[in-house]
Visitor: 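Got a structure for you, questions after.
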Amino acid sequence: MSQKTPQSSYTGPIVVDPLTRIEGHLRIEVEVENGRVANARSTGTLFRGLETILKNRDPRDVQHFTQRICGVCTYVHGLASTRALDNACYNADNSFHIPANATYIRNLVLGMQQIHDHVVHFYHLHALDFVDVTSALKADPEKAAKLSESMSPRPCKVDDLKAVQARLKAFVQSGQLGPFTNAYCLGGHPAYHLEPEANLIATAHYLEALHMQCEMARGTAGFGGKNPHPQFLVHGGVTCYEALTDKRIKEFEDILKKSVKFVNEVYLPDLLLVGSAYKDWAGIGGTTNFMTMGEFPQAGEEFDLSTRWMKPGVIYKRDLSKIEAFDPAKIKEHIAHSWYDGDWAKAPYEESTDPKFTRMGDTDRYSWLKAPRYNDTSTETGPLAAVLVNYAKGHEDFKPLVDKVLGALGAKPAALFSTLGRTAARAIQCAATAKHTTEMLEQFKENIKTDKKIVIDRPVPKESQGVGIVEAPRGGLSHWMVIKNGRVENFQAVVPTTWNLGPRDGFGKLGPCEEALINTPVADPKRPVEILRTVHRFDPCIACAVHVIDGQTNEVHEFKVL
C-alpha cells in the first residue's frame, strides 16, 4: 500500500559529497526550508580534460580514448566517436554509407548494452533508495512467494526465499552486510514503505540480477570482442567476422533470450511492486522540458535521425500534444557558472575547454560540468524523455508498455513527470529495447544469408566535421569532431550527465537535476535518502562517503553509503 513520504521541519543546508552509487565525483548542495528543498546546486568535482588530450590525433584513434570516459558505458562513447567520423566522411562525400551488417551488429551490441545498463541501474544503483534489505528478515517466505507469483508468471520457490533470508541473516550476524553495507535503510528510516515480503522479493532479485548482469556483459563481448572497452568498432563498419558465424550468433541469441525473460518476468513486476508503495513519488522530482536524440538507425539510413526505431524529439512545458523535431544544430553549451575561462554559450564545434577553478562552495562558478542547452532551454534527457516522446508519437512498442504500467499503478500520464516516472520509464525503455533487439537479430540473420560485408575502407577526409549521436542508457550523447589536415582540430563530448546534472546556464536557468530537487521533502537531514532517490534516478556517471552538514550547529556527520 502506498504511503506518504514524511517531512521534517528542518531549515538549513544539506551537502552530499561525494554522492555514491554512481560513477565519478558529484557533490549536491541543497537549501531546505521547513523540510523541503528550496534551492539546489549540482557540482561535478572532477576535471579530466579529455577534449584537450584528443587534439591533433588521428580521427580513427579517437574512439579508443573516448571509451575511457566511463568504465560502465564504454561502448556508447566508442560508438558516438565512430559515428562522428563516419558522419564527417558523409559530409565530405554523400555517397559514404557503412555496410548493412555493420549497422545491425553495432545495433545489436548497443541493444544488449542498453538492457544490461537498465537492469544494473534499477537493482544495484537505485533499489536501495526504496528497498529496506534487513526488513526482509521479518518476511514470511510463503507469503512472499505468493506475492511474487501474483505479479509474475514465473514460479517462485519458498525454499529459494528462505535461502536468501539465511544468507542475509549471516551477513547481519557477522556485522558485514556485503553489498548492502551502509545503505540508509539499515537501522530504519521513515521514508521506506515496502512490506517485509516485498523487501524479501526485491532482495532476492537484487542478488539474481548480479548474475544476470554477468550474462549480459558476455552478450556484448560476444560480438564486441571484450567488455568493457570492446574492440570491434572501426571507421566504416566493424571488424568482428565471428559475428557472422552460427556459433557466435547462437551464443548471443541464448543470452538475449535469458535477458528478455528476466526483464519481462522479474524487472517489470518489481517496478510495479516498488511503484505501488511509493505512488506519492509520482508528484516529486519533476522537470519541465525533454529532449531525446533517437536510436537504432536503419541500414543505409544511418545519418537520418528521423528514421531511427526509437524516435527523436523535443517536448516543451510537458505538452505531449506537440513534439518538435530534434535538430543537433540547436545545441549549445554554457560556461557562465562552470569552472572554465570565459562566459560564453557556443555550439560544440566552436567550443574550447580551458579550465579556471575558483573554489569549492562558490555559488557563482560551482561545477566542472558545462551547461548544455537545447534551443536555449534546459531540457532533461534520458529514458523518461525517450518514453515521453515515443509515447506521444504513438510508437507501437512504447505506447502499450506505458499504458500497461500506468494502468497497473492506477496513474495518469502526468505521473510520468516525476522521480517515479523516471524509474518506470527506464523499465519501459528496457522492455521495448529488448523486444526490438530480438527483432533486429532476426533481420541480421536473414541479411547475412546473401551479404557478408561488414566494413568498407575509406580514407579520413582532410577537412570536414561530423557529429556522432547515440541515445545512451543515460540519455542523449553526442560527440563533435572537427578535422583539419587529416587530424583532430577540435573535439567535444556532450554527454547525458552534463545535460541532466549540469549547473545553471548564462540565463540563470537551473539544470534538470537541480530543478527536479526543488520541493523534495526531507524526513531526516542526517540521512537524506529523498535527495538520493531523485539524483540516482538520473544515473549520474561517483564513490564512498557522504558528509552532511547541519546548517544550525555546523556539525559534520560522516557516514558511508553504498
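Because only heavy atoms are used, hydrogens play no part in the values below, and waters and symmetry mates are left out as well, while side chains stay in.
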Visitor: Between K399 and D403, does any NZ, NE, NH1 or NH2 come within less than 4.0 Å of an OD or OE carboxylate oxygen?
Guide: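 A salt bridge links D403 with K399.
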
Visitor: Hey, can you tell me if H536 and H126 have their rings parallel, tilted or perpendicular (30° and 60° cut-offs)?
Guide: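 Perpendicular.
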
Visitor: Just jot down the side-chain contact (heavy atoms from CB on, under 4.5 Å) partners of D86, sequence neighbours excluded, or say none.
Guide: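 By the side-chain contact (heavy atoms from CB on, under 4.5 Å) rule, D86 matches T82, F96, I98, R106, H235, F303.
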
Visitor: Report the relative orientation of the aromatic rings in Y349 and W480; use parallel for angles under 30°, tilted for 30 to 60°, perpendicular for over 60°.
Guide: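 Y349 vs W480 ring planes: perpendicular.
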
Visitor: Please tell me whether Q298 and T307 have a donor and an acceptor in their side chains that are separated by less than 3.5 angstrom.
Guide: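 Side-chain D/A pair, Q298 to T307: absent.
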
Visitor: Any donor-acceptor pair under 3.5 Å linking the side-chain atoms of Q443 with those of E439?
Guide: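 Looking only at side-chain atoms, Q443 and E439 do not form any donor-acceptor pair under 3.5 Å.
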
Visitor: Does D254 come within less than 4.0 Å of K258, counting only side-chain N to carboxylate O?
Guide: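 A salt bridge is absent here (no side-chain N lies under 4.0 Å from a carboxylate O).
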
Visitor: Answer with yes or no whether the side chains of T292 and E471 bring together a donor and an acceptor at under 3.5 Å.
Guide: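 There is such a pair (donor and acceptor under 3.5 Å, judged by atom type) between the side chains of E471 and T292.
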
Visitor: Between R248 and F223, is NZ or CZ placed under 6.0 angstrom from the six-membered ring centre and within 45° of the ring axis?
Guide: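 No, R248 does not sit over the ring of F223.
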
Visitor: Are R426 and Y267 side-chain neighbours, meaning at least one heavy-atom pair lies under 4.5 Å?
Guide: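 Heavy-atom side-chain distance check passes, below 4.5 Å.
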
Visitor: Give every residue pair that meets the side-chain hydrogen bond (donor to acceptor under 3.5 Å, both in side chains) criterion with at least one member in residues 488-497, sequence neighbours excluded.
Guide: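 Matches after skipping sequence neighbours: T353-Q492, K370-Q492.
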
Visitor: Taking K261 first and then E215, would you say they form a salt bridge - that is, a charged N and a carboxylate O separated by under 4.0 Å?
Guide: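 Answer for the salt bridge query: no.
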
Visitor: Would you name the heavy atoms of N264 and P269 that are closest together and state the gap between them?
Guide: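 Distance-wise, the nearest heavy atoms are O-CD, 3.4 Å.
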
